[in-house]
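Step one of this worksheet: look at the structure below.
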Amino acid sequence: LFVPTSAPSTSPSMAPTNEGFEICFSGRSQVEVQGTGQVDMKDLKIGDLVLVENNKFEPVYSFGHINHSTETEYLQIFTQSSRHPLEMSSDHMVFVEGRRSVPASSVQVGDKLIVGTDSHTLTKVVTIKEIVRRGMYAPFTKSGTIVVNGILASCFVSFQGKEYLHIGDVATPLSYHWLAHTFESAHRMSCAVGLCKKEETYTLEGVSDWVDMPLKVSHWMLDQEPLILCLLLVPILMFFSVVALFESILFHFLALSLLSFVLAVTIASALGLSIRGMKTKMIKSQAFSLFA
């Protein structure tokens, strides 16, 4: 369903700074692409199978943000085990001990991050620096996870600089990773069934047109009074929860259909071999009878 394409070419050659929106990794960040090895984020393509959580590979179905030219501030997070630091925007989320997804800005020296190839293995943060890089990249995968420079990271950001959505001064049990993954279900499902265009389109800032409007609506909602936010959030959350459930059922149905097809082909092949074998034996038996 996902065919590798050339790196998106519709992102602008020049763009304004990404004030208020930081959902990206630097172009020097590396991911493991199945059949290729380590690839710089700037060279990643839609359709590439990248390493995600639980040592699995999933296709990149979209880029939430891609811009090759804008200079952006990143946090460099050095750990005991990684050869290269994790470079991500401050609002982008990374997985820490307990599989909690937190914004990079909240990570501190001494915290333990999850090693990408083994969810049970942790590595300690030893240094955190700030750096400016040219280019911004935010690939999306089905699971909403991606292993970057050996560390398990989220594909999403926190809008409030917190792990959980806050309404007023109250923390809800809704993590930003879960919310983003749920709200992204319609886009994800559309791409999985082939409804997405082969070449994505982007705003002048390099934000995917699929992401731009939901992003603006989300920021607008968070600026509302707590009561209004609750009234808006409940029906939206219910709708996308149903969409996410349908997506899960669809993917399980497709997987079951594929398994059934493979099983049917295997059985048919086995029956075909058995029939040919029986015919061969009959022919040999008849020939023996003639000569006997």
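Note that the numbering runs from 1 along the sequence shown for the chain. What you see below is based on every heavy atom in this structure, not just the backbone, and it leaves out hydrogens, waters and symmetry mates.
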Is there a donor-acceptor pair closer than 3.5 Å between any side-chain N or O of [X] and the backbone N or O of [Y]?
X: E87; Y: R28; answer: no
X: E247; Y: R188; answer: no
X: T172; Y: L165; answer: yes
X: T123; Y: T79; answer: no
X: S190; Y: L195; answer: no

Below 30° counts as parallel, above 60° as perpendicular, anything between as tilted: where do the rings of [X] and [Y] land?
X: Y137; Y: H68; value: tilted
X: F95; Y: H177; value: perpendicular
X: Y61; Y: F140; value: tilted

If you look at every heavy atom in [X] and [Y], which pair is closest and at what distance?
X: M88; Y: A104; result: CG-CB, 3.7 Å
X: A186; Y: F240; result: CB-CE2, 4.4 Å
X: Y202; Y: I66; result: CE2-CG2, 3.2 Å
X: V107; Y: I128; result: O-CD1, 3.2 Å
X: A244; Y: T182; result: CB-CG2, 4.2 Å
X: V207; Y: H65; result: N-CD2, 3.8 Å

Review point. Taking atom NZ of K112 as the centre, does the number of heavy atoms from other residues, nucleotides or ligands within less than 6.0 Å exceed 12?
Key: no
What distance do [X] atom [atom1] and [Y] atom [atom2] have between them, rounded to the nearest 0.5 Å?
X: C155; Y: E184; atom1: SG; atom2: CD; value: 9.0 Å
X: I77; Y: I151; atom1: CD1; atom2: CD1; value: 9.0 Å
X: M136; Y: E71; atom1: CE; atom2: CD; value: 10.5 Å
X: L245; Y: S185; atom1: CG; atom2: OG; value: 10.0 Å
X: Q80; Y: L113; atom1: CD; atom2: CG; value: 10.5 Å
X: T203; Y: D209; atom1: OG1; atom2: CG; value: 6.5 Å

Check your understanding: Under 3.5 Å, is there a donor-acceptor pair between the S29 and S26 side chains?
Key ->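 Per modelled atom types, S29 and S26 side chains form a pair under 3.5 Å.
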Check your understanding: Would you say the side-chain atoms of T70 and T72 include a donor-acceptor pair closer than 3.5 Å?
Key ->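 There is no such pair between these side chains.
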In one Ile/Leu/Val/Met/Phe/Trp/Tyr side-chain cluster, 4.5 Å: [X], [Y]:
X: V217; Y: L233; result: yes
X: L174; Y: M93; result: yes
X: W178; Y: I167; result: yes
X: M221; Y: L231; result: no
X: V126; Y: V109; result: no

Is the shortest heavy-atom distance from the side chain of [X] to the side chain of [Y] under 4.5 Å?
X: V39; Y: D48; value: no
X: L215; Y: F159; value: yes
X: P59; Y: L49; value: yes
X: V147; Y: N55; value: no
X: E97; Y: D111; value: no
X: E53; Y: R99; value: yes
X: T201; Y: W210; value: no
X: F63; Y: L44; value: yes

Exercise for review: Can you sort out the partners of Y74 under ring-ring contact (aromatic ring centres under 6.0 Å, His included), two or more places apart, ordered by chain and number?
Suggested key: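 For Y74, no residue satisfies ring-ring contact (aromatic ring centres under 6.0 Å, His included) once neighbours in sequence are set aside.
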Point to revise | Short N-O contact, E163 and R100, less than 4.0 angstrom | key: yes
Revision key, fill the gap. Checking E58, H181, K56 against S143 for side-chain hydrogen bond (donor to acceptor under 3.5 Å, both in side chains), the one that qualifies is E58
Review point. Among N149, D40, D43, which residue meets the side-chain hydrogen bond (donor to acceptor under 3.5 Å, both in side chains) test with Q30?
Key: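 Checked N149, D40, D43 against Q30; only one passes side-chain hydrogen bond (donor to acceptor under 3.5 Å, both in side chains): D40.
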